[in-house]
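The structure appears right after this line, and notes come after that.
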Amino acid sequence: MSKIWYYIKKGVYFLINRPIHIKEPYVNIMRSANAGWVVEGHLYCFDYAISRLPSTASIVEIGAFCGLSTNVITYFKKKHDKTNQLISVDTWSFEDSKNSQYAKEAGYSMDDFKSFVMDTYKRNVSFFSGDDMPIAIHDSSDNFFSNWESKTPMNDVFGKSLTTSDQKISFAFIDGNHTYPFAKRDFENVDKYLEVGGFILFDDSADYIGWGSCKVAKEVSKLDRYKLIKKNPHYFFQKIK
(Lines give C-alpha, C1' and ligand atoms only; values in the text may rest on other atoms or scores of the structure.)
Protein backbone atom coordinates (compact mmCIF):
# COMPACT_ATOMS: atom_id res chain seq x y z
CA MET A 1 0.00 0.00 0.00
CA SER A 2 1.42 3.40 -0.99
CA LYS A 3 1.71 6.08 1.70
CA ILE A 4 -0.67 8.35 -0.18
CA TRP A 5 -3.37 5.66 -0.40
CA TYR A 6 -2.82 4.80 3.27
CA TYR A 7 -3.40 8.39 4.39
CA ILE A 8 -6.46 8.74 2.17
CA LYS A 9 -7.98 5.59 3.72
CA LYS A 10 -7.07 6.78 7.20
CA GLY A 11 -8.56 10.23 6.63
CA VAL A 12 -11.84 8.82 5.30
CA TYR A 13 -11.98 6.35 8.19
CA PHE A 14 -11.56 9.08 10.82
CA LEU A 15 -14.21 11.26 9.16
CA ILE A 16 -16.76 8.42 9.29
CA ASN A 17 -15.93 6.77 12.61
CA ARG A 18 -14.78 9.76 14.68
CA PRO A 19 -12.67 8.05 17.35
CA ILE A 20 -13.04 9.31 20.91
CA HIS A 21 -9.97 11.02 22.35
CA ILE A 22 -9.67 11.95 26.02
CA LYS A 23 -7.12 14.28 27.56
CA GLU A 24 -4.83 12.96 30.28
CA PRO A 25 -2.11 15.55 31.03
CA TYR A 26 -0.04 13.13 33.10
CA VAL A 27 0.13 10.72 30.17
CA ASN A 28 1.57 13.52 28.07
CA ILE A 29 4.31 13.97 30.66
CA MET A 30 5.13 10.26 30.45
CA ARG A 31 5.16 10.35 26.67
CA SER A 32 7.77 13.12 26.71
CA ALA A 33 10.24 10.73 28.40
CA ASN A 34 8.99 7.21 27.69
CA ALA A 35 9.31 5.79 24.16
CA GLY A 36 6.35 3.83 22.79
CA TRP A 37 3.29 3.85 20.53
CA VAL A 38 0.20 4.36 22.67
CA VAL A 39 -2.18 6.10 20.26
CA GLU A 40 -4.77 8.64 21.37
CA GLY A 41 -7.68 6.22 20.99
CA HIS A 42 -6.08 3.77 23.41
CA LEU A 43 -6.55 6.18 26.30
CA TYR A 44 -10.33 6.06 26.00
CA CYS A 45 -10.25 2.24 25.78
CA PHE A 46 -7.92 1.87 28.77
CA ASP A 47 -10.03 4.27 30.81
CA TYR A 48 -13.28 2.57 29.82
CA ALA A 49 -12.08 -0.97 30.50
CA ILE A 50 -10.21 -0.33 33.74
CA SER A 51 -13.05 1.70 35.22
CA ARG A 52 -15.41 -1.23 34.51
CA LEU A 53 -13.27 -4.29 35.31
CA PRO A 54 -15.56 -7.17 36.31
CA SER A 55 -13.30 -8.36 39.16
CA THR A 56 -9.80 -8.14 40.61
CA ALA A 57 -8.47 -10.69 38.08
CA SER A 58 -5.22 -9.99 36.24
CA ILE A 59 -4.70 -7.50 33.44
CA VAL A 60 -2.46 -8.98 30.72
CA GLU A 61 -0.43 -6.91 28.29
CA ILE A 62 1.20 -8.76 25.37
CA GLY A 63 4.00 -6.58 24.03
CA ALA A 64 5.70 -3.93 26.15
CA PHE A 65 8.72 -2.40 24.32
CA CYS A 66 9.97 0.49 26.50
CA GLY A 67 7.09 0.41 28.96
CA LEU A 68 4.84 3.26 27.83
CA SER A 69 1.65 1.19 27.63
CA THR A 70 2.61 -0.54 30.90
CA ASN A 71 2.87 2.81 32.64
CA VAL A 72 -0.31 4.16 31.05
CA ILE A 73 -2.30 1.11 32.18
CA THR A 74 -0.88 1.50 35.69
CA TYR A 75 -1.87 5.18 35.64
CA PHE A 76 -5.48 4.27 34.88
CA LYS A 77 -5.41 1.63 37.62
CA LYS A 78 -4.46 4.37 40.07
CA LYS A 79 -7.05 6.75 38.62
CA HIS A 80 -9.83 4.22 39.23
CA ASP A 81 -8.40 2.74 42.45
CA LYS A 82 -7.94 -0.76 41.00
CA THR A 83 -5.67 -3.40 42.51
CA ASN A 84 -5.64 -5.90 39.61
CA GLN A 85 -2.16 -7.30 38.96
CA LEU A 86 -0.74 -6.15 35.62
CA ILE A 87 1.23 -8.86 33.82
CA SER A 88 3.41 -7.61 30.97
CA VAL A 89 4.80 -10.16 28.48
CA ASP A 90 7.46 -9.50 25.86
CA THR A 91 10.41 -11.28 24.21
CA TRP A 92 12.17 -7.96 23.54
CA SER A 93 13.41 -9.48 20.29
CA PHE A 94 13.99 -7.29 17.25
CA GLU A 95 16.08 -9.50 15.00
CA ASP A 96 15.21 -9.13 11.36
CA SER A 97 17.37 -8.44 8.33
CA LYS A 98 16.69 -4.68 8.22
CA ASN A 99 17.22 -4.15 11.94
CA SER A 100 20.40 -6.21 11.90
CA GLN A 101 21.77 -4.24 8.96
CA TYR A 102 20.97 -0.89 10.60
CA ALA A 103 22.61 -2.06 13.82
CA LYS A 104 25.72 -3.21 11.99
CA GLU A 105 26.02 0.12 10.20
CA ALA A 106 25.61 1.95 13.52
CA GLY A 107 28.28 -0.17 15.18
CA TYR A 108 26.25 -2.24 17.65
CA SER A 109 24.70 -5.70 17.71
CA MET A 110 21.04 -6.63 18.06
CA ASP A 111 21.90 -8.19 21.40
CA ASP A 112 23.16 -4.77 22.49
CA PHE A 113 19.92 -3.19 21.27
CA LYS A 114 17.79 -5.77 23.07
CA SER A 115 19.66 -5.18 26.32
CA PHE A 116 19.28 -1.43 25.89
CA VAL A 117 15.51 -1.65 25.32
CA MET A 118 15.01 -4.04 28.25
CA ASP A 119 17.03 -1.77 30.54
CA THR A 120 14.98 1.19 29.30
CA TYR A 121 11.75 -0.70 30.04
CA LYS A 122 12.89 -1.51 33.58
CA ARG A 123 14.02 2.06 34.23
CA ASN A 124 10.81 3.60 32.86
CA VAL A 125 8.53 1.24 34.75
CA SER A 126 10.49 1.58 37.99
CA PHE A 127 10.24 5.37 37.72
CA PHE A 128 6.61 5.85 36.66
CA SER A 129 5.05 2.74 38.28
CA GLY A 130 7.40 2.17 41.18
CA ASP A 131 4.61 1.99 43.76
CA ASP A 132 2.56 -0.51 41.70
CA MET A 133 5.04 -2.61 39.76
CA PRO A 134 3.86 -5.02 37.06
CA ILE A 135 4.97 -8.61 36.71
CA ALA A 136 7.18 -8.39 33.60
CA ILE A 137 7.71 -11.76 31.92
CA HIS A 138 10.59 -12.06 29.44
CA ASP A 139 9.18 -14.76 27.17
CA SER A 140 6.94 -15.33 24.18
CA SER A 141 3.21 -15.09 24.73
CA ASP A 142 2.91 -18.73 23.61
CA ASN A 143 5.28 -19.87 26.37
CA PHE A 144 3.64 -17.57 28.87
CA PHE A 145 0.20 -19.05 28.28
CA SER A 146 1.59 -22.58 28.29
CA ASN A 147 3.05 -21.92 31.74
CA TRP A 148 -0.15 -20.16 32.76
CA GLU A 149 -2.21 -23.20 31.78
CA SER A 150 0.08 -25.65 33.61
CA LYS A 151 0.28 -23.30 36.62
CA THR A 152 4.04 -23.23 36.34
CA PRO A 153 5.60 -20.44 38.45
CA MET A 154 7.38 -17.76 36.38
CA ASN A 155 10.07 -15.28 37.39
CA ASP A 156 10.00 -11.78 35.97
CA VAL A 157 12.74 -9.32 34.98
CA PHE A 158 12.61 -7.68 38.41
CA GLY A 159 13.17 -10.96 40.25
CA LYS A 160 9.54 -11.36 41.31
CA SER A 161 7.62 -14.61 41.01
CA LEU A 162 4.25 -15.06 39.32
CA THR A 163 2.06 -17.90 40.46
CA THR A 164 -1.08 -18.68 38.49
CA SER A 165 -3.44 -20.10 41.08
CA ASP A 166 -6.03 -17.60 39.82
CA GLN A 167 -6.06 -17.95 36.05
CA LYS A 168 -8.73 -15.40 35.22
CA ILE A 169 -8.12 -12.30 33.09
CA SER A 170 -10.19 -9.14 33.37
CA PHE A 171 -8.59 -7.11 30.55
CA ALA A 172 -6.09 -7.95 27.81
CA PHE A 173 -4.16 -5.55 25.61
CA ILE A 174 -2.91 -7.57 22.62
CA ASP A 175 0.07 -5.71 21.19
CA GLY A 176 2.57 -8.43 20.30
CA ASN A 177 3.39 -9.83 16.89
CA HIS A 178 0.74 -8.35 14.57
CA THR A 179 0.86 -11.10 11.93
CA TYR A 180 -2.30 -13.18 11.65
CA PRO A 181 -1.04 -16.49 13.14
CA PHE A 182 0.47 -14.82 16.21
CA ALA A 183 -2.43 -12.45 16.82
CA LYS A 184 -4.88 -15.33 16.37
CA ARG A 185 -3.08 -17.46 18.97
CA ASP A 186 -2.89 -14.53 21.37
CA PHE A 187 -6.64 -14.05 21.09
CA GLU A 188 -7.38 -17.75 21.51
CA ASN A 189 -5.17 -17.92 24.59
CA VAL A 190 -6.71 -14.82 26.13
CA ASP A 191 -10.22 -16.02 25.31
CA LYS A 192 -9.71 -19.16 27.41
CA TYR A 193 -9.26 -17.11 30.56
CA LEU A 194 -11.06 -13.84 29.93
CA GLU A 195 -13.98 -13.39 32.29
CA VAL A 196 -17.47 -12.58 31.13
CA GLY A 197 -17.57 -8.81 31.36
CA GLY A 198 -13.84 -8.58 30.63
CA PHE A 199 -12.26 -6.59 27.80
CA ILE A 200 -9.84 -7.00 24.89
CA LEU A 201 -8.11 -4.22 22.95
CA PHE A 202 -6.25 -5.17 19.76
CA ASP A 203 -3.42 -2.80 18.90
CA ASP A 204 -2.87 -1.94 15.22
CA SER A 205 -6.22 -3.40 14.20
CA ALA A 206 -7.76 -0.35 12.53
CA ASP A 207 -9.47 -1.14 9.25
CA TYR A 208 -7.14 1.09 7.23
CA ILE A 209 -3.94 -0.64 8.45
CA GLY A 210 -4.20 -4.15 7.03
CA TRP A 211 -2.21 -6.02 9.67
CA GLY A 212 -3.10 -9.61 10.56
CA SER A 213 -4.30 -8.30 13.92
CA CYS A 214 -7.03 -6.42 12.03
CA LYS A 215 -8.17 -9.65 10.37
CA VAL A 216 -8.34 -11.39 13.76
CA ALA A 217 -10.32 -8.50 15.25
CA LYS A 218 -12.82 -8.64 12.39
CA GLU A 219 -13.27 -12.36 13.07
CA VAL A 220 -13.87 -11.66 16.77
CA SER A 221 -16.52 -9.07 15.85
CA LYS A 222 -18.56 -11.91 14.30
CA LEU A 223 -18.55 -14.01 17.49
CA ASP A 224 -21.76 -13.81 19.49
CA ARG A 225 -19.88 -13.96 22.80
CA TYR A 226 -18.15 -10.64 22.12
CA LYS A 227 -19.57 -7.14 21.84
CA LEU A 228 -17.70 -4.53 19.84
CA ILE A 229 -17.62 -1.46 22.05
CA LYS A 230 -15.91 0.76 19.53
CA LYS A 231 -13.32 0.94 16.79
CA ASN A 232 -11.28 3.74 18.32
CA PRO A 233 -9.74 3.34 15.78
CA HIS A 234 -8.55 -0.10 16.90
CA TYR A 235 -11.01 -2.85 17.78
CA PHE A 236 -12.13 -2.83 21.43
CA PHE A 237 -14.36 -5.63 22.73
CA GLN A 238 -16.20 -6.81 25.82
CA LYS A 239 -16.89 -10.50 26.43
CA ILE A 240 -20.62 -10.84 27.06
CA LYS A 241 -21.11 -14.60 27.37
Side-chain angles (χ1 to χ4, degrees), residues 1 5-22 24 27 36-54 57-65 68-70 72-73 76 80 84 86-90 141-142 144-145 168-241:
M1 181 189 303
W5 180 237
Y6 166 81
Y7 285 115
I8 290 174
K9 287 183 67 177
K10 183 176 181 180
V12 171
Y13 178 91
F14 271 69
L15 284 172
I16 295 173
N17 291 277
R18 297 187 179 277
I20 300 172
H21 292 169
I22 63 174
E24 294 289 344
V27 172
W37 297 284
V38 172
V39 301
E40 292 299 327
H42 286 163
L43 302 185
Y44 168 79
C45 299
F46 289 155
D47 188 63
Y48 185 104
I50 293 171
S51 67
R52 296 167 173 81
L53 293 174
S58 297
I59 299 169
V60 173
E61 171 193 36
I62 301 172
F65 191 51
L68 179 59
S69 55
T70 307
V72 172
I73 290 171
F76 282 111
H80 297 295
N84 305 61
L86 171 58
I87 304 169
S88 185
V89 183
D90 204 320
S141 56
D142 288 332
F144 166 76
F145 280 110
K168 295 179 181 178
I169 297 173
S170 61
F171 172 40
F173 178 42
I174 298 179
D175 184 21
N177 188 316
H178 296 329
T179 61
Y180 179 80
F182 280 90
K184 179 74 169 180
R185 288 202 305 274
D186 283 341
F187 166 71
E188 290 172 344
N189 283 322
V190 166
D191 184 46
K192 291 179 184 178
Y193 305 106
L194 187 68
E195 298 177 297
V196 173
F199 301 89
I200 298 178
L201 172 61
F202 287 90
D203 187 47
D204 281 342
S205 61
D207 291 332
Y208 54 83
I209 293 178
W211 282 100
S213 47
C214 177
K215 182 179 178 181
V216 175
K218 288 180 178 179
E219 291 175 355
V220 174
S221 68
K222 298 176 182 178
L223 300 175
D224 63 1
R225 65 182 183 277
Y226 280 92
K227 177 179 73 174
L228 177 63
I229 297 173
K230 188 168 178 60
K231 293 188 282 187
N232 203 50
H234 306 299
Y235 281 73
F236 177 43
F237 296 97
Q238 184 174 31
K239 192 173 188 177
I240 57 175
K241 64 179 179 179

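For reference, positions follow the sequence shown, starting with 1. Computed from a prediction, not measured in an experiment: that's the story for all the values here.
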Kindly give the heavy-atom pair with the smallest separation between [X] and [Y], and that separation in Å.
X	Y	value
Ser69	Gly63	OG-O, 4.1 Å
Ile20	Asn232	N-OD1, 2.5 Å
Tyr208	Pro233	OH-CG, 3.5 Å
Ala57	Glu195	CB-OE1, 3.7 Å
Ile229	Phe237	CD1-C, 4.0 Å
Ile50	Ile73	CD1-O, 3.7 Å

Looking at [atom1] of [X] and [atom2] of [Y], how far apart are the two atoms once the value is rounded to the nearest 0.5 Å?
X	Y	atom1	atom2	answer
His178	Ser205	NE2	OG	9.0 Å
Lys231	His234	NZ	NE2	12.5 Å
Ser58	Ile87	OG	CD1	3.5 Å
Thr70	Asp90	OG1	CG	8.5 Å
Lys215	Thr179	NZ	OG1	11.5 Å
His80	Leu53	NE2	CG	9.0 Å

Side chains of [X] and [Y]: does their closest heavy-atom pair fall under 4.5 Å?
X	Y	result
Leu194	Phe171	no
Phe173	Ile62	no
Leu86	Glu61	yes

Are Glu24 and Tyr44 close enough, and set up right, to give a side chain to side chain donor-acceptor pair (under 3.5 Å), and what steps lead you there?
CA-CA 10 Å; Glu24 294 289 344; Tyr44 168 79; over 6 Å; no

For Tyr193 and Phe145, take the angle between the two ring planes, folded into 0 to 90°, and tell me which bin it lands in: parallel under 30, tilted 30 to 60, perpendicular over 60.
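The arrangement is parallel - the two ring planes meet at less than 30°.
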
Can you say whether the rings of His42 and Phe46 are parallel (under 30°), tilted (30 to 60°) or perpendicular (over 60°)?
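Because their plane-to-plane angle lies in the 30° to 60° range, the rings of His42 and Phe46 count as tilted.
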
Who passes salt bridge (charged side-chain N to carboxylate O under 4.0 Å, His left out) against Lys168, sequence neighbours left out?
none

side-chain hydrogen bond (donor to acceptor under 3.5 Å, both in side chains) partners of Asn84, counting only residues at least two apart:
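By the side-chain hydrogen bond (donor to acceptor under 3.5 Å, both in side chains) rule, Asn84 matches Ser170.
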
Can you tell which of Asp203, Ile200, Val220, Asp207 makes a side-chain contact (heavy atoms from CB on, under 4.5 Å) with Tyr235?
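Answer after filtering Asp203, Ile200, Val220, Asp207: Asp207.
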
Are Phe199 and Tyr226 close enough that their ring centres sit under 6.0 Å apart?
no

Modelled atom types, side-chain donor and acceptor of Asp204 and Ser213, under 3.5 Å:
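No - no donor-acceptor pair under 3.5 Å links their side chains.
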
For Tyr48, is the NZ or CZ atom of Arg52 found under 6.0 angstrom from the centre of its six-membered ring and inside 45 degrees of the ring axis?
yes

Please check: side-chain N/O of Asp47 versus main-chain N/O of Leu43, any donor-acceptor pairing under 3.5 Å?
no

